[in-house]
Peer 1: 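Encoded as structure tokens, here's the structure I'll be asking about.
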Amino acid sequence: MKALILIGGMGTRLRPLTCVTPKPLLPILNKPFLEYQIDLLKRHGITDVVFCVSYLPRSFKDYFGTGEKWGITIRYVHEKSPLGTGGAIRNAMHALKGTTLILNGDILTDIDVTKFIAYHRAKKACVSIALTRVKDPTAYGLIETDKNGKIGQFLEKPSWEEVTCNTINAGIYLFEPLALEHIPAGVHYSVERGLFPSLLEQNFPLFGYTAPYYWMDIGTVEKYMQAHADIMANRIKVAIAGKKCMKNVSAGKNVKFGDNLQCDGTLVCGDSVIIDDTVTFSGAVSLGNGVTIGKGTVISDSVILDGTRIGEGVRLEKVLIGKHCVVEPNAVISPGTVLGDKTTITRYSKL
Ligand code: GTP
């Protein structure tokens with residue numbers, strides 16, 4: 001079976017990081033996000049993958065090439081301007097054959113793809129949509145199913161009185177070729193708002209797959225950070241790059257820190273990280289390749305990307321810092337701050 005991954009969106013909610021790096025290539029614990037999806041596909045025997053690219057398309061080709069290094073074959077289908085989720089799938093129709101697994105390129109999940117495929121076949125579905133449960137159903141488009149899993153209704157952001165379920169579209173689908181033919185060609189079109197309601201109206205068999213699996217859409221800063229914390233807390237079982245060097249610390253190659261490293265939470269470092277002995281870490285902290293941290297700095301629940309230098313006496317809490325930034329000594333950066341690549345924060349600044 002082939003898989004198609006939608007990776008052409010502009011990732012506006014993750015700006016400024018996505019101004020330079022497309023969302024699916026942003027690292028999570030020092031590994032481009034898309035590699036977690038490729039790992040998942042390979043675990044379920046899928047090695048033939050179509051990438052639907054549009055925004056910053058070269059960066060995907062530059063990194064993944066033909067896919068050989070990952071033991072997969074990648075075919076790129078390019079949209080000159082983004083055609084939406086449906087338009088992108090329709091545009092790649094010539095590269096597909098038979099039943100296709102389709103993934104949004106920003107979903108971190110350990111869904112059992114093999115069981116999902118078996119479900120789709122058993123139900124003889126035209127489209128199967130993986131569902132996930134949410135706490136606040138009023139913030140999402142809900143999908144209501146009957147006890148056999150057959151989809152009966154799509155409810156767009158209902159009020160609490162209208163809420164009848166808490167299952168939402170997880171952005172993971174199985175499509176039969178017939179469903180592809182119902183997408184109009186060459187226009188901007190959404191599978192969520194266009195294709196699925198239209199197929200339902202025409203009585204095509206649409207099924208929702210509900211199972212306990214981890215799911216996180218990494219599309220906002222909060223969720224991107226949460227995905228790091230969830231992996232570190234083993235809420236999803238995926239391989240973390242680097243080696244475990246202390247109970248709660250994993251590190252890549254050539255990392256330097258002293259035996260007295262204070263880490264109350266979990267720390268993951270990339271290659272060539274240098275941490276002064278007097279630094280204190282708490283919560284979930286991820287440091288990219290080549291990051292340096294100066295004396296007496298205190299960092300909690302933060303993600304710092306490649307090549308960033310943090311000076312002495314700095315305080316960082318719940319911050320996301322892009323690549324090649326400089327945070328000069330004694331700066332204090334408060335929760336929720338996001339620094340784009342190459343930002344410099346001067347000494348004693350308070351953000
Ligand atoms: P925001 O701008 O922050 O909403 O992010 P986004 O552009 O990624 O949009 P969204 O989160 O809704 O997209 C879900 C998935 O579909 C992501 O993996 C996107 O890359 C992908 N996607 C969205 N629109 C398109 C499109 O027009 N073409 C292609 N090829 N992929 C798309």
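Atoms within a ligand are numbered from 1 in the order they appear, just like the ligands themselves. For the single chain, residues carry numbers from 1 onward in sequence order.
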Peer 1: In this structure, does ligand 1 have an atom that sits under 4.0 Å from one of the heavy atoms of P24?
Peer 2: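 No, P24 has no heavy atom closer than 4.0 Å to ligand 1.
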Peer 1: Can you tell me how far CZ of R58 sits from NE2 of H78, rounded to the nearest 0.5 angstrom?
Peer 2: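 The NE2 atom of H78 sits 10.5 Å away from the CZ atom of R58.
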Peer 1: Assess the side chains of E144 and T164: does a donor N or O sit below 3.5 Å from an acceptor N or O?
Peer 2: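 There is such a pair (donor and acceptor under 3.5 Å, judged by atom type) between the side chains of E144 and T164.
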Peer 1: Parallel under 30°, tilted from 30 to 60°, perpendicular over 60°: which one fits the rings of F51 and Y76?
Peer 2: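 If you compare the ring of F51 with that of Y76, the planes turn out perpendicular.
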Peer 1: Can you tell me if K256 has over 12 outside heavy atoms packed within less than 6.0 Å of its NZ?
Peer 2: no
Peer 1: Taking the six-membered ring of Y36, is the NZ or CZ of K31 close enough (under 6.0 Å from the centre) and on axis enough (within 45°)?
Peer 2: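 Geometry flag: set, cation within 6.0 Å and 45°.
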Peer 1: Mind checking whether I5 contacts ligand 1 via backbone (N, CA, C, O), side chain (CB onward), both or neither, at a 4.0 Å heavy-atom cut-off?
Peer 2: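 I5 to ligand 1: no contact under 4.0 Å from either part.
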Peer 1: Measure the distance from atom 30 (N) of ligand 1 to every protein heavy atom, then report the residue, atom name and distance (to 0.1 Å) of the closest one.
Peer 2: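 It is E79 OE2, 2.7 Å.
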Peer 1: With no hydrogens and no angle check, do the side chains of E176 and T99 hold a donor and an acceptor under 3.5 Å apart?
Peer 2: yes
Peer 1: Among all protein heavy atoms, pick the one closest to atom 2 (O) of ligand 1 and tell me residue, atom and distance.
Peer 2: T12 OG1, 2.6 Å
Peer 1: List ligand 1 atoms under 4.0 Å from C52, heavy atoms only on the residue side.
Peer 2: 30 (N)
Peer 1: Under 4.0 Å, counting heavy atoms only: does S54 come that close to any atom of ligand 1?
Peer 2: no
Peer 1: Taking the basic N atoms (NZ, or NE/NH1/NH2) and the acidic carboxylate oxygens, is any pair closer than 4.0 Å for D301 and K318?
Peer 2: no
Peer 1: If you measure every N/O of L14 against every N/O of ligand 1, is any gap under 3.5 Å?
Peer 2: no
Peer 1: Closer than 4.0 Å to some heavy atom of A88 - which atoms of ligand 1 meet that?
Peer 2: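 The atoms of ligand 1 under 4.0 Å from a heavy atom of A88 are 28 (N), 29 (C), 30 (N).
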Peer 1: Does the pair D146/K150 count as a salt bridge with the N-to-O cut at 4.0 Å?
Peer 2: no
Peer 1: According to a 4.5 Å side-chain heavy-atom criterion applied to Ile, Leu, Val, Met, Phe, Trp and Tyr, with indirect links allowed, do L287 and V303 form part of one hydrophobic cluster?
Peer 2: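 Looking at the clustering, V303 is in a separate group from L287.
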Peer 1: Can you tell which of F207, Y209, Y173 makes a ring pair (Phe, Tyr, Trp, His ring centres under 6.0 Å) with F116?
Peer 2: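 Only match with F116 under ring pair (Phe, Tyr, Trp, His ring centres under 6.0 Å): Y209.
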Peer 1: At less than 4.0 angstrom from any non-hydrogen atom of G105, what atoms of ligand 1 do you find?
Peer 2: 18 (O)
Peer 1: Is P82 in polar range of ligand 1, meaning some N or O pair under 3.5 Å apart?
Peer 2: no
Peer 1: Of all the non-hydrogen atoms in the protein, which one sits nearest to atom 13 (O) of ligand 1, and at what distance?
Peer 2: D106 OD2, 4.2 Å
Peer 1: So for ligand 1, is M10 a polar contact partner (N or O within less than 3.5 Å, distance only)?
Peer 2: yes
Peer 1: Among all protein heavy atoms in this structure, tell me which lies nearest to atom 32 (C) of ligand 1, with the distance rounded to 0.1 Å.
Peer 2: G9 N, 3.4 Å
Peer 1: Does Q202 CD have over 12 foreign heavy atoms under 6.0 Å away?
Peer 2: yes
Peer 1: For atom 16 (O) of ligand 1, find the nearest protein heavy atom and state the residue, atom name and distance (0.1 Å precision).
Peer 2: L6 CB, 3.8 Å
Peer 1: Could you identify the single nearest non-hydrogen protein atom to atom 10 (P) of ligand 1 and state the distance to 0.1 Å?
Peer 2: R13 NH2, 4.1 Å
Peer 1: Identify the closest protein heavy atom to atom 26 (C) of ligand 1: which residue and atom is it, and at what distance?
Peer 2: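 Heavy-atom neighbour on the protein nearest atom 26 (C) of ligand 1: G84 N, 3.5 Å.
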Peer 1: If we only count N/O pairs under 3.5 Å, is V53 in contact with ligand 1?
Peer 2: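 It does not: no N or O of V53 is found under 3.5 Å from an N or O of ligand 1.
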Peer 1: What protein heavy atom sits nearest atom 9 (O) of ligand 1, and how far away is it?
Peer 2: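 The answer is K23 NZ, 4.4 Å.
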